[in-house]
Amino acid sequence: MSLLQLMQPEAARLTSDSKLVNEATAKLVETAFAYVDRGSEEVVAAYQDERDRRLQRRLILTNEASRRIGTTLDTARTAQELADLGTEDFADLVTVDLLDSVLHEEGTYPPTDTPLLRRIVQRSILGGCPDSAVATGHTHTYPAGSEPARALATGQALLHRVTASGLPARWAPSPDSGRTLRGLGFHSMLLVPLRARGETLGLAQFSRHRTAALFDDDDLAQEIVARAAVYIDNARRYTHERSTALTLQRSLLPQRPVEQSAVDTASRYLPTGSRAGVGGDWYDVIPLSGARVALVVGDVVGRGLHASATMGRLRTAVRAFADIDLMPDELLTHLDDVVICLQREEARDEGEISATCLYAVYDPVSRLCSLAGAGHVLPAVATPSTADGGAPASHAVAFPEMPIGPPLGLGGLPFETTQLELPEGSLLALYTDGLLESRVRDVDTARTVLSDTLARAPESLDETCDGLLAALLPSRPSDDVALLLARTRALDPDHVATLDLPSDPAAVSGARAYASDRLAAWGLEELGFTTELVVSELVTNAIRYGKSPIQLRMILQSTLTCEVFDAGSTAPHLRRARTFDEGGRGLFSGVPPTWRDPCCAHGSP
C-alpha cells in the first residue's frame with residue numbers, strides 16, 4: 001500500500017494519461033507480488049531444509065542409540081554407552097548417577113528430598129573430566145530444592161540456563177570445585193531422570209561449556225535416556241537375579257572336602273558368562289559305608305533361581321538314596337521318580353523339569369568303581385602308566401563304554417550299572433557338558449583336549465582342574481560347568497579281613513572268634529566285647545533272614561567297620577534302635593551279592 005501511495009504523486013507529475021498510470025500501477029503490483037511469492041518460497045524451503053536436517057539428525061541418533069546402547073546386561077557398561085553417545089556432537093559433559101538404593105536392593109523407592117546417588121560413569125570432551133565435581137564411583141547428594149533434586153522428585157526433565165552469575169554454588173561439593181566449574185564457562189544443562197517401568201532409577205546430566213549453542217527443550221535426549229533407562233533396569237534386575245541364583249547355587253554345593261579315605265578330590269564350579277543366567281549344574285562327594293565313596297555330577301535343564309532350587313532338591317534326594325546304599329542304577333531309578341513327581345507339582349508355565357546325572361561308587365577295598373548315567377556325558381578315566389625303571393610317566397586316558405540311560409524325568413526306561421576295576425592312583429573326571437561345548441570347536445576336538453590334559457596331569461588335582469578349565473573354556477563360557485576330579489586310593493590289605501561263613505547258626509561263634517583274633521592282631525583288644533556283640537548280631541541276622549553265601553568283612557581305618565554280606569533278594573529295611581532296645585542294630589539284611597550292601601558297625605580304634 002505504501003508503494004502505491006508513493007507512486008501516485010510521482011505518476012501525476014510525469015503524465016496526465018490515466019490509462020498509462022493504471023498500466024504502470026498494475027505492472028508494479030505484479031512485480032511486488034512476484035517478489036513476495038519468491039520470498040515466501042525461500043522461507044518455506046529454508047524451513048523444510050532445517051526440519052529435514054533435524055529429522056535426519058534425530059533418526060541418526062536414534063539408530064545409533066538402538067545400536068550402541070544396551071549391548072550387554074551390565075549396568076555400568078550401559079551407562080557408559082549412554083555417556084559415549086551423548087558426548088558425540090550433543091553435549092560437552094555427560095554424567096550418569098544412579099540411586100544408591102537401586103544398586104543394592106531389588107526394589108526401587110521414590111527418591112527422598114536429598115537422595116543418595118552414586119556416580120556410575122562420566123564422559124567429557126576434556127581429558128580426565130576436569131569439568132566434573134564428583135569422581136566416578138563416589139556417592140553424593142543434591143540439596144533439597146536444587147534443580148537436580150527437583151528433576152529426581154518430579155521425574156520430569158529440566159532445562160537449566162546458567163546466568164551471568166555462573167554455576168550455582170550448591171551444585172559443587174566444595175568451594176574449590178565450584179570455582180573450577182564456574183571457570184569452565186558452563187552455560188546450559190539438561191537434566192533427564194532415568195525412569196523405567198514407572199520408577200526413577202537415577203539422573204543423566206548433559207552439560208555444555210565449549211559448544212556455543214544452548215540446549216533447547218530437546219525431547220530427543222529424553223527419548224535416548226528413556227531407552228537407556230530400560231536397559232539399565234534390565235541389567236540391574238538381571239544382575240540381582242543372577243547374584244541371588246549364584247549365591248543359592250554355591251550354598252547348595254559342597255563347601256569343603258568331606259572326610260573319607262577312598263579318593264582324593266578337587267572340584268570347580270564355573271557359572272556361565274552369557275545372558276542366559278546361572279544353571280543347575282552340581283557335584284557332590286558322599287562318604288558311604290565300608291570305606292566307599294559316591295561321586296555325583298548332574299545338570300538341571302534351565303536357568304535362574306528355579307534351576308538352582310531344583311538342583312538343591314535333587315542333590316538332597318541323591319544324598320538320601322545314597323544313605324541306604326542303593327546300586328547306581330537303582331538310585332537313578334528312584335531319582336527319576338523324584339523328577340517326575342516334581343514335574344507334577346510344578347505349574348505348566350514354569351516349563352518341564354528335566355535333568356541329567358552320573359552316579360559312581362568307588363570301593364577302595366576291591367578297587368571297583370560302579371557307575372550309571374542318566375543322559376549325562378561320559379566320564380574320563382585316566383589310569384597310571386609307568387616308564388622304564390618303574391617311575392610314573394603319564395596316564396592312559398579313556399572314556400569307558402557304558403550304557404547311558406535317558407535323562408531324568410522321562411520315566412519307565414531302564415538304567416544300567418557298569419563296573420570298572422581301577423588301579424590305585426587312577427584319575428576319574430566327572431563333569432557337565434558345559435566343559436566340552438563351545439562355539440569354536442566340536443565335541444570330539446574338546447574330548448581330545450581333555451584327554452591330552454589328563455594324560456599330562458600333575459600330582460596336584462587343583463592344578464589339573466585349573467589346567468582343564470584353561471584348556472577347554474573361553475573367558476566367558478556359554479554354559480555352566482561343574483567339574484569333579486577324584487584320584488583313587490587302595491586300602492592296605494593288612495587292614496582288611498574277610499571270612500566266608502556257611503548259612504548255619506553254629507557259624508556265629510566262629511565269626512566272633514575270628515573278629516577277636518583280628519582285633520588282637522591290630523592291637524585293638526579293648527574293642528573286643530563291643531565288636532563281638534555287633535558281629536554276632538549281624539551274622540545271626542544274615543543267617544536268619546538272608547541266603548548263602550554269607551561273608552564277614554572287617555576294615556580298619558580311622559574307625560573299625562564290620563560288614564556282613566548275604567545273597568538274599570529282600571530289599572533292606574533300616575531300623576533305628578533306641579538306647580535300651582535289645583534288637584534292631586543289625587542295620588541291614590538280605591542284600592544281593594552283586595552290590596554287597598554292608599551291615600556296618602563303627603568304633604574308634
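Along the sequence shown, residues are numbered consecutively beginning with 1. It should be emphasised that the depicted structure is a prediction, and the values quoted were computed from it without experimental measurement.
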Give, for atom [atom1] of [X] and atom [atom2] of [Y], the distance between the pair rounded to the nearest 0.5 Å.
{"X": "R197", "Y": "D233", "atom1": "CZ", "atom2": "CG", "answer": "4.5 Å"}
{"X": "L191", "Y": "E147", "atom1": "CG", "atom2": "CD", "answer": "7.5 Å"}
{"X": "L483", "Y": "Y431", "atom1": "CG", "atom2": "OH", "answer": "9.5 Å"}
{"X": "L436", "Y": "D442", "atom1": "CG", "atom2": "CG", "answer": "10.5 Å"}

Should we say atom CZ of R227 is surrounded by more than 12 heavy atoms from elsewhere, each under 6.0 Å from it?
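Result for CZ/R227: enclosed.
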Charged N-O contact under 4.0 Å between [X] and [Y]:
{"X": "D264", "Y": "R487", "result": "no"}
{"X": "D284", "Y": "R319", "result": "yes"}
{"X": "D452", "Y": "R456", "result": "no"}
{"X": "E88", "Y": "R123", "result": "no"}
{"X": "E199", "Y": "R236", "result": "no"}

Min side-chain heavy-atom separation [X]-[Y] under 4.5 Å:
{"X": "L203", "Y": "L194", "answer": "no"}
{"X": "L454", "Y": "L468", "answer": "yes"}
{"X": "F206", "Y": "D92", "answer": "no"}
{"X": "L116", "Y": "S101", "answer": "no"}
{"X": "P406", "Y": "F415", "answer": "yes"}
{"X": "R119", "Y": "H140", "answer": "yes"}
{"X": "L314", "Y": "C357", "answer": "no"}
{"X": "Q205", "Y": "V94", "answer": "no"}

Does the ring center of Y269 lie less than 6.0 Å from the ring center of Y283?
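Between Y269 and Y283, the centre distance exceeds or equals 6.0 Å.
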Short question: side chain of [X], backbone of [Y] - any donor-acceptor pair under 3.5 Å?
{"X": "T87", "Y": "L93", "result": "no"}
{"X": "D97", "Y": "L117", "result": "no"}
{"X": "T211", "Y": "R208", "result": "no"}
{"X": "R344", "Y": "C341", "result": "no"}
{"X": "T200", "Y": "G202", "result": "no"}
{"X": "T71", "Y": "R67", "result": "no"}
{"X": "S146", "Y": "Y142", "result": "no"}

Closest contact, heavy atoms only, [X] versus [Y]:
{"X": "A355", "Y": "V300", "answer": "CB-CA, 4.0 Å"}
{"X": "I120", "Y": "A79", "answer": "CG2-CB, 3.9 Å"}
{"X": "V225", "Y": "P193", "answer": "CG1-O, 3.8 Å"}
{"X": "A374", "Y": "L408", "answer": "CB-CD2, 3.7 Å"}
{"X": "P115", "Y": "L152", "answer": "CG-CD1, 3.7 Å"}
{"X": "A457", "Y": "T464", "answer": "CB-OG1, 3.8 Å"}

Could you tell me which residues satisfy side-chain contact (heavy atoms from CB on, under 4.5 Å) with I69, sequence neighbours excluded, listed by chain and number?
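Only A65, T78, E81, L82, L85, I224, A228, Y231 meet the side-chain contact (heavy atoms from CB on, under 4.5 Å) criterion with I69.
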Could you list the residues that satisfy side-chain contact (heavy atoms from CB on, under 4.5 Å) with A266, not counting sequence neighbours?
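By the side-chain contact (heavy atoms from CB on, under 4.5 Å) rule, A266 matches L461, D462, C465.
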So T95 and C129, side-chain contact (heavy atoms from CB on, under 4.5 Å) or not? Walk me through it.
CA-CA 10 Å; T95 64; C129 282; over 6 Å; no
List the steps, then state whether side-chain contact (heavy atoms from CB on, under 4.5 Å) holds for L159 with R161.
CA-CA 7 Å; L159 176 60; R161 302 282 171 79; 3.3 Å; yes
Run the side-chain contact (heavy atoms from CB on, under 4.5 Å) check on V96 and Q122 step by step: do they pass?
CA-CA 6 Å; V96 179; Q122 53 191 0; over 6 Å; no
Using 30° and 60° as the class boundaries, would you call the ring planes of F186 and H209 parallel, tilted or perpendicular?
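Because their plane-to-plane angle is over 60°, the rings of F186 and H209 count as perpendicular.
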Under the criterion salt bridge (Lys or Arg N to Asp or Glu O under 4.0 Å), which of D480, D281, D466 is the partner of R268?
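Exactly one pass, corresponding to D466.
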What do the steps show when you test L450 against F399 for side-chain contact (heavy atoms from CB on, under 4.5 Å), and what is the final call?
CA-CA 11 Å; L450 173 64; F399 296 90; 3.9 Å; yes
Verify salt bridge (Lys or Arg N to Asp or Glu O under 4.0 Å) between D100 and R118, making sure each step is shown before the conclusion.
CA-CA 6 Å; D100 201 52; R118 185 175 296 276; 3.1 Å; yes
Side chains of D299 and T432: donor-acceptor distance under 3.5 Å anywhere?
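No, no side-chain donor-acceptor pair sits under 3.5 Å.
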Any luck finding a side-chain donor-acceptor pair between D336 and T333 under 3.5 Å?
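The criterion, which ignores hydrogens and geometry beyond distance, is not satisfied for T333 and D336.
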Ring of Y362, cation from R292 - is the NZ or CZ under 6.0 Å from the centre and inside 45° of the axis?
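No, R292 and Y362 do not form such a contact.
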